[in-house]
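Notes follow the structure.
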Amino acid sequence: MMGSADEALNAYQLPKPLPIWLNPAYARHIVKGNFMTLSARPKTVEEGEWVAHQVVEHYRNLWNFVRVIYEKEEDGKTLCNSTTCPRMSAGANHSYTWLNSRFEPIELPAFEYITLMQRWISGKIDDTKMFPTEASGVSFSHNPQITTTALLNGPDEWVGKRSGFPQEFFGICQTIFLQMFRVYAHLYWAHYTEPFYHLNLEKQLNSCFSHFVLTATALDLLKPQELEPMQPLIDLWAANGTFPPESKAYEYANLKVGQRLLQLAGMA
Amino acid sequence: MSSPEFAPPPERRTDTYGRNAAYNQKKCFQVAQGFFLDAVRRARERNDRLKDLERRLESPEMLLRREQLWSHSGKLEARYLRFLRTKEQLSNYSVVKTIGKGYFGEVKLVRKIQDGRVYALKRLFKSEMISKEQLPRVRAERDALAESDSEWVTKLYTTFQDNTSLYMLMEFCPGGDLMTILIKFQIFSEDITRFYAAEIINAIEAVHNLGFIHRDIKPDNILLDRGGHIKLADFGLSKSFRKDHDSRYYQELLQRPASTSQMTRPGNRVSVNIDAIQLTVSNRSQINEWRRSRRLMAYSSVGTPDYIAPELFYDQGYSFEIDWWSLGTIIYECLVGWPPFASENPQDTYRKIVNWQHTLFFPDDIQLSHNAVHLIRCMITQPENRLGRNGAIEIKSHPFFAGVDFTTLRRIRAPFEPPLTSDIDTSCFPVEDLPQTEDPTPSPAGADEYEMFLPFIGYTYKRFQTSYT
C-alpha cells in the first residue's frame, strides 16, 4: 500500500531531500480547530457578495507576507529580487508567465511578476463596478423554502447578479485566486526558509495559506489541477487533520501521500 | 523531528536580516494573528445571528413575514460585508462642526457622504499619543467600546486611521454633556439629581459588567442623547480588569511642585482665588468661572482631578468602586453647585482628595435632605466601606433612591430634553468656544499602509450594525 503512496510521492518529482515545508514538524499552525466556518457562506448571503468578501480578505492576508520579501531594506535591496528569483517559479517544475500587451506569455523575475499581479488585482478590487460598495445595492440568497423571488437559470443568471456584480465577476475572482495561489506557491518554494522560517513566521504562513486553500476549494475558485505545485502539502494537511474530511480540500488530497509524509517524519 | 528524508532545518537566524525585515516581521506576525482573532469572532457573531434568525423563522406568528425576515437578514449581512471591504477614510465624511476638543484630539460632527447619516468623529493625534504614552489608553477605549452593546454607552461604529491620526466614528449624542447643563442650570433639585444619578448608576453598572473600570467618570463624559437620557463616553482612561494599572503617573503629578507643574490651569484663572470651602451661593458667578476654566482644563493634557478617587493616587491598587466615588462627587456637584474638592489648582484638589476625611464639607446655606448627605458620605469614603463595593444594587437600595424603578429609566421623560431642530443641531454644544477648523483634507493615497504602522496594528474595528434605515 505504501508502495503506491511512494509512487504518487515520486510522481510529484520533488527535490531530495524533501523541502522543509513538507516536514510535518514545520507544517503547523497558529490556529487550532476547524476553520471551515471562516469560509462557509452564511446562508442568507448572496454568493457573489461572499466571494467578493473572501477575495478582499485573502488578498490582504497574502500581501501581509509578500510585504516581507517585497519591501526594500535600508540598502535598497528586496529579499525577493531578480538575482534570488530570476523567474516567477514554484520549484523546478513550475514557472509562471505573464501576458504582455500583445497577449504573449513572457517570463519575468518573480519581483516583477508580483508587481504586475498586485497592480492587476488591486485594479479589480478598487473598481466599484467590479466590486460594488454601495450599501443600497445589496441582495440576499435564494432559499426555495422561504423566498418566492423567481430566479432565472441559464446564461441570464450569474453569481453576484442580484447584488450588482457584473457578469464577468466570478471569472475575474477565479483568476485573482489563481494569481494569489501562484504567489503563495512562490513563497513556499523560494522563500520558506529565506526569510519566513528564519523570521519565525512559518506557522503564520501555514495558517493563512491553508485557510486560503480551504476557501478557494469550497467556493470553486480554484480547480484541483491548479493546486499542483502545492499538492504534497495539501496531502499532508488532509492527513494531519488540518483539512477536515468534509472539506473539498480534503477531497482533492491524496491521503496516502500525506500519511506517507507523516510516516517519513516518524509522526504517523 | 529531523528525518533524513527531509532537508535538515537550519538554525534560525533572525539577525541576518535588516531593520526593515525585523519591522515587517512584527507587522506580519500581528496582522496574521489579528486576522484570525477577528475572523473567528465575526464567524461566531454571525452564527449567533443566524441562530436567532432561525428561531424567529420557526415562530408561528412570523409565518407571513418569513420571506421578509430572510431577505432583511441577508441584506444586513451583505451591508456589513461591504462595510468590511471598503476603506474607511476621512474623505468619506463631510464635517459639520467641531463639537469638542481635548488635549489629544477633537470631536467633530460629521455626515457620511454615502448615506447622509450623522456621527460624532473623534480624532486622536498619533504623535501626541506616542509622546505622552497614551497608547494603552486609546487601546482600552477602543476595546471597551467595541465590546459594549449597551444603551448606556456611546456606540462605536468603526475605527480607522491615517498617517497623523486615529479616528473613532461614534454615535452623536445631540444633547451635549452634563457639564454644559450644570453650567446652564447651576444647581439641580434633588428630583433631577436623582434622575441623573440613577441613570449614571445603570451606566456604570453596564461598564462594570463588561469587566471594565471607567476611571474617568465626570460630567464632561456623561453625554445626553436625543431624548435627554445619558450615555457614558470617553473611555480613554478605562481599564480592563485584565490589564496593569499605572499609578506612577499620578504619583509624579502629586510630587511635582505647583510652580513647575504642567497642571496649572490655562487661561487667566490664576488670578481668581476660589476655594471650595469659601464658596457660597453669593459667588455663583465665580463658580461658573470655575466651570468654564474646567472646560479649558478638559482641553489640557491631564484633565480635571476633581472626580478621582484617592486610592487611584496610590500604588496599593484599586477596583471597580473607584467609579462609585466619582458618582458621589457628581451627586454632590449637582446638589451643591461645585464638586466637593474644587480648588484653585489641581495640586490643591489632589491634596484635598487624599485628606477627604477633613476636607469633605457641606455648605450651610444649601438645604440638602438627610438622605442625600448620607448617600454622598457613603460614596465619598474609603473603598472598604464605600457603597457599591458589593455591586450597584447597594446604591440602588439607598433610601435616596426610594421609589425609583431602575429598569424603566430610559422610558420615562428626561428632565431636560434637548430642543433640536435638525439632525445636525449643535445648540447643546459650546461650539462658539471651539476653533472651527477647515474641512479635513482627504487622506493621501495608500491609506492602507498607515494601518500598518506598528503601534496601531489591530486598532481598526468595524461594528455590525443592526439597523440601516
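Each chain gets a letter, A, B and so on, in the order the sequences are listed, and its residues count up from 1. Source: prediction; values computed, not measured.
Across B/Ala39, B/Gly18, B/Ala22, the residue that shares the most heavy-atom pairs under 4.5 angstrom with chain A is B/Gly18. Note: A/Leu38 leads A/Ile20, A/Leu38, A/Thr37 in heavy-atom pairs under 4.5 Å with chain B. With chain B as the partner, the residue from A/Asn200, A/Asp75, A/Leu14 showing the most heavy-atom pairs under 4.5 Å is A/Asn200. Considering only heavy-atom pairs separated by less than 4.5 Å from chain B, the leading option among A/Leu261, A/Asn143, A/Thr193 is A/Asn143. Counting heavy-atom pairs under 4.5 Å between each of A/Val138, A/Thr128, A/Asp126, A/Leu205 and chain B puts A/Val138 at the top. Contact count versus chain A (heavy atoms, under 4.5 Å) is highest, among B/Pro10, B/Ala21, B/Ala43, for B/Pro10. Contacts with chain B were tallied for A/Ile69, A/Val45, A/Leu201; A/Leu201 has the most, counting heavy-atom pairs under 4.5 Å. Chain B forms the most heavy-atom pairs under 4.5 Å with one residue out of A/Asn61, A/Val55, A/Val56, and that residue is A/Asn61.
With hydrogens and angles disregarded, a donor-acceptor distance shorter than 3.5 Å links the side chain of B/Asn20 to the backbone of A/Lys72. The closest donor-acceptor contact from the side chain of A/Gln204 to the backbone of B/Phe29 lies at 3.5 Å or more, if one exists at all. Counting only distance, with no hydrogens or angles, the side chain of A/Glu73 and the backbone of B/Tyr17 share no donor-acceptor pair below 3.5 Å. Listed for the A/Trp50 side chain is no donor-acceptor partner under 3.5 Å among the backbone atoms of B/Ala78. Side chain of A/Asn64 to main chain of B/Cys28: a donor-acceptor pair is present (N/O by atom type, distance under 3.5 Å, no hydrogens or angles).
B/Leu69 does not touch chain A: none of its heavy atoms, backbone or side chain, sits under 4.5 Å away. No part of B/Leu37 comes within reach of chain A, as not one of its non-hydrogen atoms sits under 4.5 angstrom from that chain. Both the backbone and the side chain of A/Pro195 come within contact range of chain B, with heavy atoms under 4.5 Å apart. With a threshold of 4.5 angstrom between heavy atoms, A/Glu194 approaches chain B through its backbone and through its side chain. With a 4.5 angstrom heavy-atom cutoff, A/Gln54 does not touch chain B via any of its atoms. At a 4.5 Å heavy-atom cutoff, B/Arg44 makes no contact with chain A through either its backbone or its side chain. For chain A, no part of B/Gln68 is nearby; none of its heavy atoms comes within less than 4.5 Å. Neither the backbone nor the side chain of A/Pro15 comes within less than 4.5 Å of any heavy atom in chain B. Interface residue B/Arg66: backbone and side-chain heavy atoms are both found under 4.5 Å from chain A. For A/Leu199, the parts sitting under 4.5 Å from any heavy atom of chain B are the backbone and the side chain alike.
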Evaluate the salt bridge (Lys or Arg N to Asp or Glu O under 4.0 Å) criterion for residues A/Glu46 and B/Lys75: first the C-alpha distance (whole Å), next the side-chain angles of each, then the deciding distance (0.1 Å), finally the verdict. CA-CA 9 Å; A/Glu46 193 275 328; B/Lys75 286 180 175 180; over 6 Å; no
What's the verdict on salt bridge (Lys or Arg N to Asp or Glu O under 4.0 Å) for A/Glu134 and B/Arg82, showing C-alpha distance, side-chain angles and the deciding distance? CA-CA 8 Å; A/Glu134 277 292 323; B/Arg82 287 194 177 187; over 6 Å; no
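Ring pair B/His72/A/Phe140: centre-to-centre distance not below 6.0 Å.
Taking the centre and axis of the six-membered ring of A/Tyr197, the NZ or CZ atom of B/Arg12 falls inside the cone set by 45° and 6.0 Å.
How far OG1 of B/Thr86 is from CD1 of A/Ile125: 12.5 Å, rounded to the nearest 0.5 Å. Here the OG1-CG distance, from A/Thr133 to B/Leu81, works out to 13.0 Å after rounding to the nearest 0.5 Å. Expressed to the nearest 0.5 Å, how far OH of A/Tyr59 lies from CZ of B/Arg85 amounts to 15.5 Å. One finds the NE2 atom of A/His53 at 10.0 Å from the CD atom of B/Glu77 (value rounded to the nearest 0.5 Å). The CD atom of B/Glu5 sits 10.5 Å away from atom CD of A/Gln263, with the distance rounded to the nearest 0.5 Å. Taking CH2 of B/Trp70 as the reference point, atom NE2 of A/His142 lies at 10.0 Å (rounded to 0.5 Å).
For the pair A/Ser207/B/Phe35, no side-chain contact is recorded, criterion being any heavy-atom separation below 4.5 Å from C-beta on.
Residue B/Lys112 places its NZ atom among more than 12 non-hydrogen atoms of other residues, nucleotides or ligands, all under 6.0 Å distant. The environment of B/Glu58 atom CD is sparse: at most 12 non-hydrogen atoms of other residues, nucleotides or ligands sit within 6.0 angstrom.
Using bins of under 30°, 30° to 60° and over 60° for the plane-to-plane angle, the ring pair A/Phe35/B/Phe36 lands in the perpendicular bin.
Between the side chains of A/Thr44 and B/Ser73, a donor-acceptor pair is found at a separation under 3.5 Å. With hydrogens and angles left out, the side-chain atoms of A/Glu71 and B/Asn24 include a donor and acceptor closer than 3.5 Å. Checking B/Tyr80 against A/Glu49 by side-chain atom types alone, no donor-acceptor pair falls below 3.5 Å.
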